[in-house]
Amino acid sequence: MANANVYVPINSDDLAKRMVKIEDCWKDFLGKMLKYYSNESKDIELDYSVNVLALREVVERVYQRKDYFKRYHSGMRMSEYKEIGLTMFWISKFKPFNITGHGYDDKIAFNINDDFAMYYMLLALKNLAEELKLEYNSDKLTGRLYDEMLYSLSFRDISKEALGILVELVANIVILNLPGESEE
């Protein structure tokens, strides 16, 4: 009989699926960024590379935390908000994506993982709203709050726990009529 308090690592199929899901989100983000810059009449050419070890570590760290909640909090499930916040945190820390090319400001390349983490959050909240059959409107998130969160990801010492709470607060802004139901 297996010990319920023994950590069992994520299986390779789930790991690969989660990594692909994040990279697909990254490709969508990069495509939208290129479209934005092409609308700005800038001659920009981007390519990217993925640090697979860093991306794997992002997925494994989130999985470990979910497992921890299940094992040490009486079978409690980690909320979607906290999972999104954790993913953002580890993307910002491990910086799995790198852009190369020409025609873009170096500041873009410097902050690209933090910009992507914010995009990831908004897309994950949009998907959650669709799943709950609720209206989603990212325009409700003020530019000032967005910029403050982005700055915090890039330059402040913000905890994983705080990011989970911030994601939940943003969800209450961008998902209309969201029922109050935090799991943890």
Side-chain angles (χ1 to χ4, degrees), residues 7 9-10 15 18-19 21-23 25-26 28-29 32-33 50-51 53-98 107-132 134-184:
Y7 173 70
I10 188 170
L15 176 67
R18 292 175 191 204
M19 288 173 67
K21 186 176 178 182
I22 293 172
E23 189 172 355
C25 183
W26 162 260
D28 189 50
F29 163 75
K32 286 186 168 118
M33 195 171 82
V50 179
N51 180 330
L53 292 176
L55 185 56
R56 177 186 181 118
E57 193 67 26
V58 168
V59 171
E60 286 178 339
R61 295 280 180 116
V62 173
Y63 180 83
Q64 288 168 356
R65 188 69 172 175
K66 285 177 75 171
D67 177 76
Y68 173 86
F69 269 89
K70 194 178 350 173
R71 288 187 296 123
Y72 294 106
H73 292 282
S74 303
M76 201 176 186
R77 182 174 80 73
M78 185 170 58
S79 75
E80 291 89 352
Y81 311 120
K82 289 182 178 41
E83 185 172 347
I84 294 165
L86 267 176
T87 304
M88 293 173 67
F89 179 85
W90 292 121
I91 287 169
S92 180
K93 295 300 178 208
F94 291 132
K95 303 189 181 320
F97 301 103
N98 184 37
K107 186 176 184 291
I108 293 170
F110 177 75
N111 289 332
I112 197 71
N113 285 280
D114 303 318
D115 287 325
F116 170 63
M118 293 294 292
Y119 179 82
Y120 177 88
M121 173 190 67
L122 291 172
L123 185 61
L125 291 175
K126 180 180 180 188
N127 291 339
L128 180 61
E130 289 173 2
E131 183 181 307
L132 297 172
L134 294 173
E135 186 179 342
Y136 171 86
N137 184 351
S138 63
D139 292 336
K140 297 265 184 195
L141 181 64
T142 65
R144 183 174 176 201
L145 178 57
Y146 181 94
D147 291 344
E148 190 69 27
M149 286 183 68
L150 180 58
Y151 185 86
S152 293
L153 271 175
S154 299
F155 302 110
R156 292 192 176 115
D157 186 19
I158 188 163
S159 72
K160 300 176 286 289
E161 294 79 10
L163 268 174
I165 292 167
L166 285 173
V167 170
E168 187 167 1
L169 291 171
V170 170
N172 279 283
I173 294 169
V174 299
I175 301 175
L176 308 178
N177 302 315
L178 184 66
E181 44 105 0
S182 180
E183 299 265 343
E184 177 263 329

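All heavy atoms count here, side chains included; hydrogens, waters and symmetry mates do not.
Atom CD1 in I10 sits 10.5 Å away from atom CG in D67 (nearest 0.5 Å). Rounding to the nearest 0.5 Å gives a distance of 4.5 Å between CZ of F116 and CD1 of I91. If you take CG on L145 and CG on L169, they are separated by 8.5 Å, rounding to the nearest 0.5 Å. Expressed to the nearest 0.5 Å, how far CZ of R18 lies from CZ of R56 amounts to 13.0 Å. Of the inter-residue distances, the one linking K160 atom NZ with L163 atom CG reads 10.0 Å to the nearest 0.5 angstrom. Taken to the nearest 0.5 Å, the CD atom of E168 stands 5.5 Å off from the NZ atom of K82.
The existence of a salt bridge linking E131 and K126 is excluded, since no basic side-chain nitrogen approaches an acidic carboxylate oxygen closer than 4.0 Å.
Smallest separation of non-hydrogen atoms from Y136 and L122: OH-O, 3.1 Å. Among all heavy-atom pairs drawn from E83 and V62, the shortest one is CG-CG1, 3.7 Å.
A heavy-atom distance below 4.5 Å is not found between the side chains of W90 and L55. Looking only at side-chain heavy atoms (C-beta outward), T87 and I22 come within less than 4.5 Å of each other. With contacts defined as side-chain heavy-atom distances shorter than 4.5 Å, the pair L125/Y81 qualifies. Side-chain contact between K93 and V58 is absent, with no heavy atoms from C-beta onward closer than 4.5 Å. When side chains are defined from C-beta on, F89 does not count as touching R61, because their heavy atoms never get closer than 4.5 Å. Between E135 and N177, the closest side-chain pair of non-hydrogen atoms is not below 4.5 Å. Using a 4.5 Å heavy-atom cutoff, the side chains of Y119 and M33 are not in contact. Residues L178 and L132 meet the side-chain proximity criterion, which asks for heavy atoms closer than 4.5 Å.
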Worksheet entry | Test side chain to side chain contact (heavy atoms under 4.5 Å, CB included) applied to Y68 and R65, step by step | CA-CA 5 Å; Y68 173 86; R65 188 69 172 175; 4.1 Å; yes
Item to complete: Quick one: do N98 and I112 satisfy side chain to side chain contact (heavy atoms under 4.5 Å, CB included)? Show the steps, please.
Response: CA-CA 7 Å; N98 184 37; I112 197 71; 5.9 Å; no
Item to complete: Show your working on side chain to side chain contact (heavy atoms under 4.5 Å, CB included) between E60 and L15 and close with a plain yes or no.
Response: CA-CA 7 Å; E60 286 178 339; L15 176 67; 4.0 Å; yes
Discussion item. Show, in sequence, the C-alpha distance, side-chain angles and deciding distance for V170 and M121, and conclude whether the side chain to side chain contact (heavy atoms under 4.5 Å, CB included) test is met.
Written reply: CA-CA 9 Å; V170 170; M121 173 190 67; 4.0 Å; yes
Let me check something: any side-chain donor-acceptor pairs from residues 147-155 under 3.5 Å, sequence neighbours excluded? List them with distances.
{"unit_1": "E148", "atom_1": "OE2", "unit_2": "R156", "atom_2": "NH1", "d": "2.6"}
{"unit_1": "E148", "atom_1": "OE2", "unit_2": "R156", "atom_2": "NH2", "d": "3.1"}
{"unit_1": "S152", "atom_1": "OG", "unit_2": "E148", "atom_2": "O", "d": "2.9"}
{"unit_1": "S152", "atom_1": "OG", "unit_2": "R156", "atom_2": "NH1", "d": "2.9"}
{"unit_1": "S154", "atom_1": "OG", "unit_2": "D114", "atom_2": "OD2", "d": "2.9"}
{"unit_1": "S154", "atom_1": "OG", "unit_2": "L150", "atom_2": "O", "d": "3.1"}

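A donor-acceptor contact shorter than 3.5 Å is absent between the side chain of S92 and the backbone of M88.
The aromatic rings of F29 and W26 are tilted relative to each other, their planes meeting at an angle between 30° and 60°.
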